[in-house]
A.B. asks: 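Mind having a look at this structure? Questions to follow.
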Amino acid sequence: VAAALGWACWASYVGRLEGDNLRNIALQILGDALKHGKRHAESLDALEANLVRVREGEDYEGREGTIFYVRSQMGDCLRELGRRDE
């Protein structure tokens, strides 16, 4: 169910412009939902894409916290996939 809701969220906002905050949030929600649905490889792809968007986006307050959160989620996925060296 979590993965389906994540995809629905992403589908709602994917048509927005690159860099749009709601689009970025929807991508983060998709990554989180896939992770919670134990679809770690797919989650990792979404989280990596989101990390690129956050790093390339305009400077905003809380950016460092967002980067830390996304990298933490990516680490969880890598651990679950047995890719501990990355």
Side-chain angles (χ1 to χ4, degrees):
V1 173
L5 291 172
W7 281 114
C9 182
W10 175 241
S12 296
Y13 295 101
V14 69
R16 290 182 173 251
L17 295 174
E18 284 284 327
D20 180 271
N21 194 43
L22 291 176
R23 180 185 169 137
N24 293 344
I25 291 169
L27 186 55
Q28 182 63 49
I29 290 170
L30 173 60
D32 290 345
L34 290 168
K35 180 178 167 275
H36 290 292
K38 309 244 184 263
R39 296 168 67 174
H40 301 291
E42 292 171 88
S43 175
L44 187 58
D45 290 338
L47 292 167
E48 286 174 340
N50 191 44
L51 184 61
V52 168
R53 284 174 175 61
V54 170
R55 285 184 171 159
E56 291 177 350
E58 294 180 23
D59 194 28
Y60 64 91
E61 188 174 324
R63 180 181 188 170
E64 289 148 6
T66 301
I67 291 172
F68 178 79
Y69 176 78
V70 173
R71 290 183 57 123
S72 173
Q73 295 295 82
M74 290 171 63
D76 290 346
C77 289
L78 290 168
R79 185 183 66 246
E80 291 294 328
L81 292 168
R83 295 166 52 184
R84 299 180 192 282
D85 293 338
E86 294 178 54

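Keep in mind the model is a prediction, meaning the values are calculated, not measured. Throughout, residue positions are numbered sequentially from 1 according to the sequence presented.
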A.B. asks: Check whether Leu51 and Leu22 end up in the same hydrophobic cluster, where Ile, Leu, Val, Met, Phe, Trp and Tyr are linked by side-chain heavy atoms less than 4.5 Å apart.
C.D. replies: no
A.B. asks: Go through the structure and list residues passing side chain to side chain donor-acceptor pair (under 3.5 Å) with Arg79, not counting sequence neighbours.
C.D. replies: Asp76
A.B. asks: With rounding to the nearest 0.5 angstrom, report the CE to CG distance, Met74 to Asn50.
C.D. replies: 10.0 Å
A.B. asks: Applying side chain to side chain donor-acceptor pair (under 3.5 Å), can you list everything that pairs with Arg71, at least two apart in sequence or on another chain?
C.D. replies: none
A.B. asks: Is there a side-chain contact between Trp10 and Ile29 (heavy atoms, below 4.5 Å)?
C.D. replies: no
A.B. asks: Taking atom OG1 of Thr66 and atom CZ of Arg53, what is their separation to the nearest 0.5 Å?
C.D. replies: 14.5 Å
A.B. asks: Could you give me the CA-CA distance, side-chain angles and deciding distance for Leu34 and His40, then say whether side-chain contact (heavy atoms from CB on, under 4.5 Å) is met?
C.D. replies: CA-CA 7 Å; Leu34 290 168; His40 301 291; over 6 Å; no
A.B. asks: Under the side chain to side chain donor-acceptor pair (under 3.5 Å) rule, collect the residues that match up with Asn24, sequence neighbours excluded.
C.D. replies: none
A.B. asks: Do Arg23 and Leu17 touch side chain to side chain, with heavy atoms closer than 4.5 Å?
C.D. replies: no
A.B. asks: Are side-chain N/O atoms of Asp32 and Tyr69 paired as donor and acceptor at under 3.5 Å?
C.D. replies: yes
A.B. asks: Please report the interatomic distance CG(Leu27) to CG(Asp20), rounded to the nearest 0.5 Å.
C.D. replies: 12.0 Å
A.B. asks: In terms of hydrophobic clustering (I, L, V, M, F, W, Y; side-chain heavy atoms under 4.5 Å; direct or indirect links), are Leu47 and Val52 co-clustered?
C.D. replies: no
A.B. asks: Is the backbone N or O of Arg39 less than 3.5 Å from a side-chain atom of Ser43, with the two atoms forming a donor-acceptor pair by type?
C.D. replies: no
A.B. asks: Please report the shortest heavy-atom distance between Ala2 and Ala33, naming the atom on each side.
C.D. replies: O-CB, 3.0 Å
A.B. asks: Check for me, please, whether Leu30 and Ile67 land in the same ILVMFWY cluster - side-chain distances under 4.5 Å, paths through other members count.
C.D. replies: no
A.B. asks: Determine whether Leu44 and Gln73 make a side-chain contact, defined as any pair of heavy atoms from C-beta on separated by less than 4.5 Å.
C.D. replies: no
